[in-house]
Visitor: 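Quick one: the structure is below, questions incoming.
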Amino acid sequence: MPKQVDYASRRRRIAEAVCLLADEQGPEGVSMRDVAARAEVSLGAVQRCFRTKEEMLLFAVEHVGERVMERVRARLGASPAQSAATALGHAAEEVALLREDHRTEARIWLVFVARACVSAPLAAPLRRSYAALEGLLVRLVTEAAESGPGDGSAMPPHVVREARTLLALTDGLTSHVLVGHLTTEQAEDVLHAHLTGLWERLGVTTASEDAG
């Protein structure tokens with residue numbers, strides 16, 4: 001019988017290779033031949049998964065965004081009894097990519113962000129990733145403030161604004177840590193101070209027992 005190929009798994013493997021090469025030499029230095037070598041597959045296998053380099057880069061950008069989102073969901077799911085305020089803090093920490101084991105991922109993300117500034121096609125998947133993260137933060141802020149969407153009407157503008165501010169802050173902290181302007185500890189202090197101010201503005205009382 002012919003060997004069955006798991007194309008979804010192969011596409012993810014190729015995306016990982018794209019990310020590693022983009023981290024080393026930027027998206028413009030990534031070639032399908034080099035990706036094949038790094039992923040340890042044939043050039044034909046890469047070409048069967050992606051018709052062009054641009055298509056391959058677009059998938060890699062989406063792959064990074066999905067990986068961050070999956071990790072956020074896993075962090076939240078690990079402690080289902082935590083308060084929404086604590087859940088938001090955990091989500092923000094994951095999105096900021098401040099830990100040492102997230103350095104490579106943080107560099108890759110910012111490399112793609114920089115490239116997307118001059119590439120409309122690459123900007124599209126990044127906007128989708130940001131929109132998904134913003135939606136999650138809006139939900140957590142809403143739940144914490146006990147002002148849920150109720151009958152499905154639009155979110156209160158201040159809730160959306162707070163979520164967008166938090167997302168922009170986490171993004172900025174990623175850059176500041178990578179270039180060495182802030183240490184991880186200093187960035188975490190800024191993030192926690194912002195969250196404390198957020199709860200004060202929304203009148204939220206946080207529970208200390210689930211803050212770990």
Side-chain angles (χ1 to χ4, degrees), residues 12-31 34-35 38-39 53-54 56-76 78 87-138 140-141 161-198:
R12 289 192 297 270
R13 181 174 179 176
I14 291 170
E16 291 288 343
V18 172
C19 290
L20 292 175
L21 288 169
D23 180 37
E24 295 170 4
Q25 53 202 35
E28 63 281 352
V30 174
S31 72
D34 288 342
V35 168
R38 181 62 64 92
K53 172 184 171 178
E54 186 78 1
M56 184 175 65
L57 288 174
L58 290 175
F59 181 80
V61 173
E62 292 181 337
H63 174 69
V64 175
E66 290 171 0
R67 194 164 61 187
V68 173
M69 181 63 83
E70 287 172 3
R71 195 165 57 243
V72 172
R73 293 195 185 103
R75 178 81 181 272
L76 298 181
L88 179 62
H90 288 168
E93 289 171 358
E94 293 295 339
V95 174
L97 301 174
L98 299 180
R99 298 203 304 270
E100 185 66 36
D101 57 334
H102 293 160
R103 286 289 190 275
T104 299
E105 192 171 67
R107 288 196 305 270
I108 292 167
W109 180 261
L110 291 181
V111 162
F112 282 132
V113 168
R115 182 60 180 169
C117 291
V118 293
S119 172
L122 276 181
L126 283 171
R127 287 197 300 271
R128 288 193 292 271
S129 293
Y130 279 129
L133 290 169
E134 180 184 300
L136 175 62
L137 296 181
V138 166
L140 292 173
V141 173
R161 184 173 60 248
E162 291 289 4
R164 287 175 175 168
T165 300
L166 180 57
L167 181 58
L169 175 64
T170 59
D171 221 31
L173 290 175
T174 304
S175 302
H176 285 214
V177 170
L178 280 182
V179 301
H181 174 62
L182 295 175
T183 65
T184 297
E185 292 73 20
Q186 289 170 332
E188 289 174 342
D189 181 64
V190 170
L191 181 58
H192 294 160
H194 177 80
L195 288 170
T196 298
L198 169 61

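Everything numeric in this text was worked out from a predicted model, so none of it was measured.
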Visitor: Tell me, with the steps shown, if D171 and Y130 meet side-chain contact (heavy atoms from CB on, under 4.5 Å).
Guide: CA-CA 10 Å; D171 221 31; Y130 279 129; 2.6 Å; yes
Visitor: Counting distance only, does the side-chain N/O of R13 pair as donor-acceptor with the main-chain N or O of A39 below 3.5 Å?
Guide: yes
Visitor: Quick test of your reading of the model: are R103 and E100 salt-bridged, counting only N-O distances below 4.0 Å?
Guide: yes
Visitor: If you take all heavy atoms of V18 and A60, which pair is closest and at what distance?
Guide: CG1-CB, 3.6 Å
Visitor: Going by an N to O cut-off under 4.0 Å, is there a salt bridge joining R12 and E66?
Guide: no
Visitor: Quick one: pull up CD in Q25 and OG in S31 and give me the separation to the nearest 0.5 Å.
Guide: 7.5 Å
Visitor: Return the minimal non-hydrogen interatomic distance between A187 and L173, and the atom names on each side.
Guide: O-CD1, 3.7 Å
Visitor: Starting from the C-alpha separation in whole Å, work towards a yes-or-no answer on side chain to side chain donor-acceptor pair (under 3.5 Å) for E16 and H63.
Guide: CA-CA 8 Å; E16 291 288 343; H63 174 69; 2.7 Å; yes
Visitor: For a side-chain contact (heavy atoms from CB on, under 4.5 Å) with L88, tell me which candidate from L136, L76, L140 qualifies.
Guide: L140
Visitor: When rounded to the nearest 0.5 angstrom, what is the spacing between OG1 in T183 and CD in E188?
Guide: 8.5 Å
Visitor: Looking at S129 and G65, what are the two nearest heavy atoms and their distance?
Guide: OG-CA, 3.6 Å
Visitor: Minimum heavy-atom separation for G29 and D34, please, with both atom names.
Guide: O-OD2, 4.4 Å
Visitor: Judged by atom type as modelled, is there a donor-acceptor pair below 3.5 Å linking the side chain of T184 to the main-chain atoms of R99?
Guide: no
Visitor: Could you check whether any side-chain heavy atom of L166 comes within less than 4.5 Å of a side-chain heavy atom of L195, counting everything from C-beta outward?
Guide: yes
Visitor: Check whether any side-chain heavy atom of H102 lies under 4.5 Å from a side-chain heavy atom of E94, and answer yes or no.
Guide: yes
Visitor: Would you say the side chain of L137 lies within less than 4.5 Å of the side chain of E134, judging by non-hydrogen atoms?
Guide: no
Visitor: Looking only at heavy atoms, what is the nearest atom pair of V111 and G26, with distance?
Guide: CG1-CA, 4.3 Å
Visitor: Measuring from atom CD of E162 to atom OG1 of T165, what distance do you get when rounded to the nearest 0.5 angstrom?
Guide: 5.5 Å
Visitor: The test is side-chain contact (heavy atoms from CB on, under 4.5 Å); show your working for H176 and V190 and say whether it passes.
Guide: CA-CA 11 Å; H176 285 214; V190 170; over 6 Å; no
Visitor: Heavy atoms, side chains only, cut-off 4.5 Å: are L126 and R115 in contact?
Guide: no
Visitor: Under a 4.5 Å cut-off applied to non-hydrogen side-chain atoms, are F112 and C19 in contact?
Guide: yes
Visitor: What is the distance from atom CG of L110 to atom CD of E105, rounded to the nearest 0.5 Å?
Guide: 11.0 Å
Visitor: Ignoring hydrogens and angles, state whether a donor on the side chain of E93 or H192 is under 3.5 Å from an acceptor on the partner side chain.
Guide: yes
Visitor: Kindly indicate whether the side chain of V30, heavy atoms from C-beta on, has any atom under 4.5 Å from the side chain of M56.
Guide: yes
Visitor: Please tell me if the side chains of L97 and V177 come closer than 4.5 Å, counting only heavy atoms from C-beta onward.
Guide: no
Visitor: Quick check for you: to the nearest 0.5 Å, what is the distance between H194 atom NE2 and L191 atom CG?
Guide: 8.0 Å
Visitor: Looking at every heavy atom in both T170 and A92, which two are closest together, and how far apart are they?
Guide: CG2-O, 3.7 Å
